[in-house]
S.K.: 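For reference, the structure I am asking about is given below.
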Amino acid sequence: MTDNFDPQQHFHDQRAARYDDTVRKVIPGYETLHAMAQFLLEDMLGHNAHLLIAGCGTGEEIERLAPHHPGWRFTGVDPSAAMLKQAKTRLNAKGLTERTTLIEGTVGDLDPGTRFDAAACLLVMHFLPDDGAKANLLAGISKALKPGAPLVLADLHGASDTPRYARLLAAWTRWQLSHGIDPVEVEKGLKHVARDIHFVSETRLFKLLHQAGFTTVEHFHQAFLFGGWLAIKE
Ligand SMILES: C[S@@+](CC[C@H](N)C(=O)[O-])C[C@H]1O[C@@H](n2cnc3c(N)ncnc32)[C@H](O)[C@@H]1O
């Protein structure tokens, strides 16, 4: 594994353009994860809310949530200009840009005076090493949230030296092949995972969340090595 994963380089124009199609084939339960995050957030928020989408990518979270909630506003941050370009096109086509602010950057680039009612950080933090970078991302999200606000988090996770990891990785590989992904692409994907994903155990994730000021943490989703958690800022 290397610590120099660059989201701008990895999520370049061509990858960003095919992301929405690829991600549904590669990530088991991608749609379900987003739907579950939607229902969890809906149960916790009122008619008016400002949501932070950390690592908004091509705008999946915003496109999914905004049409159901005319009183919700969104701020999406993402360091990849190419992913944001896709998000802008997509949200524009749905007439959702008025309630959306997109920032090219990270949570460190947010207006320090803004406090959000909720946050989502889906499939983002696993790219960051556990050398303070994961902790910084969570601290940045926590700082930006109002007390009691929910965070939905999803990541690849698990201790990579365990039989569980090997078993789930093997099953995920076969799952991708069975969904018609070219074996060469599957192989490339596995190399990307080995090189760029910083796996940590769920125990470590809970510790990171607690240290960032999230109290209640509930595991709500699991699809092979992908997990989803609901955390509440104290
Ligand atoms: C796999 S995509 C997930 C996008 C979206 N959340 C989804 O579920 O489709 C990961 C995204 O995280 C972004 N990213 C990587 N590092 C980040 C960071 N430190 N802060 C915010 N976003 C980051 C990447 O640029 C990319 O758009």
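Atoms within a ligand are numbered from 1 in the order they appear, just like the ligands themselves. Any value given below was found using the heavy atoms of this structure, including those in side chains, with hydrogens, waters and symmetry copies removed. The shown structure was predicted, so the numbers you read here are calculated from the model rather than taken from an experiment.
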S.K.: Compute whether any side-chain donor of one residue and acceptor of the other, for H219 and Q222, lie under 3.5 angstrom apart.
M.R.: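 Indeed, the side chains of H219 and Q222 share at least one donor-acceptor pair under 3.5 Å.
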
S.K.: Between W175 (side chain only) and I27 (backbone N and O only), is there a donor and an acceptor less than 3.5 Å apart?
M.R.: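 No.
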
S.K.: Please check if the side chain of S80 supplies one atom and the backbone of F11 the other of a donor-acceptor pair under 3.5 Å.
M.R.: yes

S.K.: For atom 12 (O) of ligand 1, what is the closest protein heavy atom, and at what distance to 0.1 Å?
M.R.: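 In this structure, atom 12 (O) of ligand 1 has V124 CG2, 3.5 Å as its nearest protein heavy atom.
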
S.K.: Could you tell me whether the side chain of K146 and the main chain of D117 form a donor-acceptor pair under 3.5 Å?
M.R.: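 A pair under 3.5 Å: no.
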
S.K.: Flag the pair H210 / F214 as yes when their ring centroid distance falls below 6.0 Å, and as no otherwise.
M.R.: no

S.K.: If you measure every N or O of G55 against every N or O of ligand 1, does any of those distances drop under 3.5 Å?
M.R.: yes

S.K.: Would H34 count as being in polar contact with ligand 1, using the rule that some N or O on each side must be under 3.5 angstrom apart?
M.R.: yes

S.K.: Once you restrict to heavy atoms under 4.0 Å, what part of Q8 touches ligand 1? Side chain, backbone, both or neither.
M.R.: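 None of Q8 does.
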
S.K.: Under 3.5 Å, is there a donor-acceptor pair linking the side chains of T89 and N92?
M.R.: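 No, because no side-chain N or O of T89 sits under 3.5 Å from a partner of the opposite role on N92.
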
S.K.: Out of L128, L123, V26, T58, indicate the one that has the non-hydrogen atom closest to atom 10 (C) of ligand 1.
M.R.: L123

S.K.: Could you identify the single nearest non-hydrogen protein atom to atom 2 (S) of ligand 1 and state the distance to 0.1 Å?
M.R.: Y19 OH, 3.4 Å

S.K.: Quick one: does Y30 get within less than 4.0 Å of ligand 1, heavy atoms only?
M.R.: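 Right, Y30 reaches ligand 1.
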
S.K.: D6 side chain to Q8 main-chain N or O, any donor-acceptor pair under 3.5 Å?
M.R.: yes

S.K.: E61 to ligand 1: N or O pair under 3.5 Å?
M.R.: yes

S.K.: By number and element, which atoms of ligand 1 are closer than 4.0 Å to a non-hydrogen atom of F127?
M.R.: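 Every atom of ligand 1 under 4.0 Å from some heavy atom of F127: 10 (C).
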
S.K.: Looking at ligand 1, would V23 count as a contact under a 4.0 Å heavy-atom criterion?
M.R.: no

S.K.: Side chain or backbone, does L122 bring an N or O within less than 3.5 Å of an N or O on ligand 1?
M.R.: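 Indeed, backbone or side chain, L122 has an N or O that close.
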
S.K.: Can you tell me which portion of H10 lies within the under-4.0 Å heavy-atom range of ligand 1? Options are side chain, backbone, both, or neither.
M.R.: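 The answer is neither.
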
S.K.: Using modelled atom types and a 3.5 Å cut-off, is there a donor and acceptor pairing between side-chain atoms of S142 and backbone atoms of L138?
M.R.: no

S.K.: Less than 4.5 Å apart, any side-chain heavy atom of H126 and any of H198?
M.R.: no

S.K.: Is the number of heavy atoms from other residues, nucleotides or ligands under 6.0 Å of Q211 CD greater than 12?
M.R.: yes

S.K.: Among T106, D78, I53, which one has a heavy atom closest to atom 18 (C) of ligand 1?
M.R.: T106

S.K.: If you count the atoms of ligand 1 from 1 in the order shown, which ones are under 4.0 Å from a heavy atom of P7?
M.R.: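 Taking each heavy atom of P7 in turn, ligand 1 has 15 (C), 16 (N), 25 (O) under 4.0 Å.
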
S.K.: Who's the nearest protein heavy-atom neighbour of atom 23 (C) of ligand 1, and how far?
M.R.: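 Protein heavy atom at minimum distance: P79 CD, 3.3 Å.
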
